[in-house]
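No experiment lies behind these values; they were computed from the predicted model shown. Throughout, a chain's letter reflects where its sequence line sits, starting with A, and its residues are numbered from 1. Because only heavy atoms are used, hydrogens play no part in the values below, and waters and symmetry mates are left out as well, while side chains stay in.
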There are 2 protein chains.
Amino acid sequence: MWDGQVFPDSCMQVGPFEPCQEPHAGTVINAALFPNITMQCRRLQSRQCLFRAGQPCRALFIVNAGLFKTSVLSEDGRERVTGFHLRGELLGIDSFDMPTYACDAIALDTSEVWELPLSWLKGEGSDLLPFITGMLAAEIRRDWRWMLALGTLSAEQRVVAFLLDLAARLQSLGYSAQYLLLRMTRADLGSFLALQLETVTRALSHLDATGVIAVNRREIRIRDETRLRSMLTCP
Amino acid sequence: MWDGQVFPDSCMQVGPFEPCQEPHAGTVINAALFPNITMQCRRLQSRQCLFRAGQPCRALFIVNAGLFKTSVLSEDGRERVTGFHLRGELLGIDSFDMPTYACDAIALDTSEVWELPLSWLKGEGSDLLPFITGMLAAEIRRDWRWMLALGTLSAEQRVVAFLLDLAARLQSLGYSAQYLLLRMTRADLGSFLALQLETVTRALSHLDATGVIAVNRREIRIRDETRLRSMLTCP
DNA sequence: CGTTGGCTTGATACGCCTCAATGCTAGTGG
DNA sequence: CCACTAGCATTGAGGCGTATCAAGCCAACG
């Protein structure tokens, strides 16, 4: 099934997400919203940690470039990835009402975030609160969709759901919806989808074998989106 | 293992939750917070629907008595219970920024809610917004804890986690932490825990057989909380 | 060129799902 | 008061899907 490169050369620079001139309707925060503040910008390398659960929470962060994973940890060491976050998404909102962060946020690629100090948000920048509220509510709905998916779909279907979700989000940011570069490991993916990494690998291999996608390590090409989508509707 | 009644007579009236004189620190909304509005009150019978996904969203609801389940539905009919909600919890916040509700909310017992019109919240009652934000963030953290649990725990452990969680919540409302009356069906429980109803039954039966709890249909008595808790830490 | 981290694949085991039958309780109508 | 029913809960038998364990592979890197 593997027929050379997944990505044509013209797509190989999917890398760090470049600033996009037309923000996605409604959901993406951009600098135009904050004329009155010179926002702190922070760059991170892959695998670098933006914040950890338990650290004092003094700011939220807007992803401007790159990709982050957030994860929670139990007292006895069980870990779980709770989400992957692209440009325009807000990191740390879940701790909005808390003195410390509730999750870890780790860059999966060279990334850049803007810092929104909580002190500013609660004073001068309080116009933004409805916006934050909307993001919080949207996060809940997203979590619930995933809880639904994880509770009702098979391993392969979960992987398909993930690919389609990622493709749609990339597309809404102006990128190709067919060429995906998975910046996370199979283990991260498995943790998010409540699967073992071997199961993720097997699912991808099988999807490749049936021809709906082409897989080469972390490069994925979607070959038949319609068929992919149909795999979700009929159990 | 079953030795007569689970509940001593003195506990049998656990039924509809009576108003409680001392609200749980910080997290429970009560009437004292809204001196300026005469709140609409609404009573529902068991199985009655408070709102459904897709209906226009004009108000949030505070559970004052009884118990609700919320659930989401996919286009192709898969359903999943996203939570059970006791007195003091807010229903509908997940749709705060939306014109329509995003989930179904169904009473599992004779229940009572107070209505918080969105129009009021966005005008006169906007002092409450920080409060709502806190509830939203807390809901996200709760969802993540459950995602962690469902992704890392076995069937029996999930049931244990649910029982301990429910017991703690009941206790924080002033009720016994040992005598639980499950108002939901095994199917509801299974849907929430991502298990089949038979698996829930088997888990409960097995826990009963080992002596950590006593089960009689929907009545549960916790006999050894310490041992229950220890079942969660070592996989 | 060896090392390392991540990915793939195979063999096997086990936990949970599925299907099916039975039991229990509350509610209904004769 | 007692069949009768409907809805849930329980239990068992068997199969399937995913986890587990183990080995080998590949690409990146020092």
Spacing of [X] atom [atom1] relative to [N] atom [atom2], expressed in whole Å:
X	N	atom1	atom2	answer
R186(B)	dC16(C)	CZ	P	17 Å
L197(B)	dA20(C)	CG	C1'	13 Å
L193(B)	dG15(C)	CG	P	18 Å
E219(A)	dA28(D)	CD	P	10 Å
L204(B)	dC16(C)	CG	P	14 Å
R158(B)	dG15(C)	CZ	C1'	11 Å
H206(B)	dG12(D)	NE2	P	13 Å
R218(A)	dA28(D)	CZ	P	11 Å

Would you name the heavy atoms of A167(B) and I222(B) that are closest together and state the gap between them?
->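 Heavy-atom minimum between the residues: CB-CD1, 3.9 Å.
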Assess the pair F84(A) and F192(A): is the distance between their ring centroids shorter than 6.0 Å?
->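 Aromatic pair counts; centres sit under 6.0 Å.
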Touch class at under 4.0 angstrom, heavy-atom based, for [X] against every strand present:
X	answer
T185(A)	sugar-phosphate
R47(A)	sugar-phosphate
R217(B)	base

Side chains of [X] and [Y], donor plus acceptor under 3.5 Å:
X	Y	result
S74(B)	D76(B)	yes
D143(B)	W144(A)	yes
T70(B)	T82(B)	yes

Within 6.0 Å of CZ in R142(B), more than 12 heavy atoms from elsewhere =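 For R142(B), atom CZ is crowded (more than 12 foreign heavy atoms under 6.0 Å).
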DNA chain D: 5'-proximal contact among E156(A) and S205(B) (nearest heavy atom) |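 Result of the comparison: S205(B).
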Pick one: which of L180(B), L181(B), T185(B) meets side-chain contact (heavy atoms from CB on, under 4.5 Å) with R183(B)?
->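 Among the candidates, only L181(B) passes.
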With the criterion being N/O to N/O and under 3.5 Å, what pairs connect the protein with nucleotides 17-19 of chain C, and how long is each?
unit_1, atom_1, unit_2, atom_2, d
dC17(C), OP1, Q196(B), N, 3.4
dC17(C), OP2, Q196(B), N, 3.3
dC17(C), OP2, T199(B), OG1, 2.3
dT18(C), OP2, Q196(B), NE2, 3.1
dT18(C), O4, R202(B), NH2, 2.9
dC19(C), N4, E198(B), OE2, 3.1

